[in-house]
Amino acid sequence: MDWLTENAWLGWLGVALVLAAIEVATVDFVFVMFAGGALAGAVAAALGAPFFFQVVVAVVAALLLLFFLRPMLKRKFTDTVTDHHIGAAGLVGREAWVLQAVTESDGRIKLAGETWSARLAEGGEPVGPGDQVRVIAIHGATAIVVPVPPTTPTT
């Protein structure tokens, strides 16, 4: 028991390592703040502070880290603004080729190497096979498209 009281910093270090391992699994920046508190307790123990003071230092350090450092880390590592356009949302804005005449009720297009059912946006002029269209929305498995005006070559 004498060894444990003389080397309490090792116990705090072990607690910090366990908390850091839990953080790896959760990735929420909570347990790493507690691990920082345990490291502060380890420093207090290494300096010879009584156990009660070690606990106070660990709790205060963990709370300070949790309420001041964690929000900054969350803001830095959490991307809530950017839309990464994956899945069907990534197809909006792309151009496609008409395979079967596209009207306001039916049609087929070649989009991103795949055949999609398509229909024109309201008020659009029907487009025939070989014409180019732009996808403006995806509703289920149907692409909503508008015709792409033909470009005239400049000479």
Side-chain angles (χ1 to χ4, degrees), residues 9-46 54-155:
W9 66 274
L10 281 174
W12 286 107
L13 187 61
V15 169
L17 290 174
V18 168
L19 290 169
I22 294 171
E23 177 63 36
V24 170
T26 63
V27 193
D28 198 34
F29 300 115
V30 173
F31 288 98
V32 74
M33 300 302 139
F34 294 153
L39 288 176
V43 169
Q54 295 170 27
V55 172
V56 170
V57 167
V59 169
V60 169
L63 290 176
L64 288 173
L65 289 170
L66 194 62
F67 291 111
F68 293 107
L69 182 61
R70 182 177 180 265
M72 290 187 295
L73 288 173
K74 289 286 282 185
R75 273 193 305 274
K76 177 151 179 68
F77 291 106
T78 304
D79 185 12
T80 58
V81 176
T82 304
D83 183 6
H84 297 288
H85 298 296
I86 57 174
L91 300 173
V92 174
R94 294 185 66 176
E95 294 184 357
W97 293 99
V98 176
L99 299 175
Q100 174 188 337
V102 178
T103 64
E104 286 188 10
S105 61
D106 191 30
R108 299 282 179 269
I109 61 172
K110 187 71 145 187
L111 174 62
E114 296 178 350
T115 301
W116 280 72
S117 60
R119 65 175 204 255
L120 286 173
E122 287 186 33
E125 292 293 319
V127 289
D131 290 341
Q132 203 168 13
V133 291
R134 178 170 289 114
V135 177
I136 61 167
I138 302 284
H139 292 162
T142 302
I144 310 302
V145 298
V146 293
V148 173
T151 58
T152 56
T154 56
T155 55

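Hydrogens, waters and symmetry mates play no part in the numbers below; they use all other heavy atoms, side chains included.
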Leu99 vs Thr115, side-chain contact (heavy atoms from CB on, under 4.5 Å): CA-CA, chis, key distance, verdict
CA-CA 8 Å; Leu99 299 175; Thr115 301; 3.8 Å; yes
For Phe34 and Leu66, the nearest pair of non-hydrogen atoms, with its separation, is CE2-CD2, 4.1 Å
Ala121 and Val146 have their tightest heavy-atom pair at CB-CG1, 3.9 Å
With no hydrogens and no angle check, is any side-chain donor or acceptor of Gln132 less than 3.5 Å from a backbone partner on Pro147?
no
To the nearest 0.5 Å, atom CG of Leu73 lies from atom CG of Leu65 at 9.5 Å
(request) Answer whether the closest heavy-atom distance between the side chains of Val92 and Ile138 falls below 4.5 Å. (result) yes
Close side-chain approach of Leu91 and Trp116, heavy atoms under 4.5 Å
yes
Here the gap from Leu19 atom CG to Thr26 atom OG1, rounded to the nearest 0.5 Å, amounts to 10.0 Å
Heavy atoms of Ser117 and Ala141 approach each other most closely as OG-O, 2.9 Å
Between Val30 and Glu23 the two heavy atoms that sit nearest each other are N-OE1, 3.2 Å
Tightest non-hydrogen contact, residues Lys74 and Phe29, listed as CD-CD1, 3.7 Å
In this structure, CZ of Arg119 is separated from OG1 of Thr142 (nearest 0.5 Å) by 6.0 Å
Could you tell me whether the side chain of Val59 reaches within less than 4.5 Å of the side chain of Val55, counting heavy atoms only?
yes
Hits for side chain to side chain contact (heavy atoms under 4.5 Å, CB included) against Ala25, two or more places apart or cross-chain, chain-then-number order -> none
Closest non-hydrogen atoms of Trp9 and Ala46, given as atom of the first, atom of the second and distance, are CB-N, 3.9 Å
Rounding to 0.5 Å, atoms CZ (Phe77) and CG (Asp28) come to a distance of 13.5 Å
- Query: Should Val135 and Ile144 count as side-chain neighbours, where that means a heavy-atom distance under 4.5 Å?
  - Reply: no
Distance col, row Glu125:CD vs Asp131:CG, nearest 0.5 angstrom, shows 12.0 Å
Note to self: Could you tell me if the side chain of Leu39 sits less than 4.5 Å from the side chain of Val43, heavy atoms only?
What the structure shows: no
Output side-chain donor-acceptor pairs under 3.5 Å for residues 104-113, partner residues at least two apart or in another chain, one line each.
{"from": "Glu104", "atom 1": "OE2", "to": "Gly123", "atom 2": "N", "distance (Å)": "2.9"}
{"from": "Ser105", "atom 1": "OG", "to": "Thr103", "atom 2": "OG1", "distance (Å)": "3.3"}

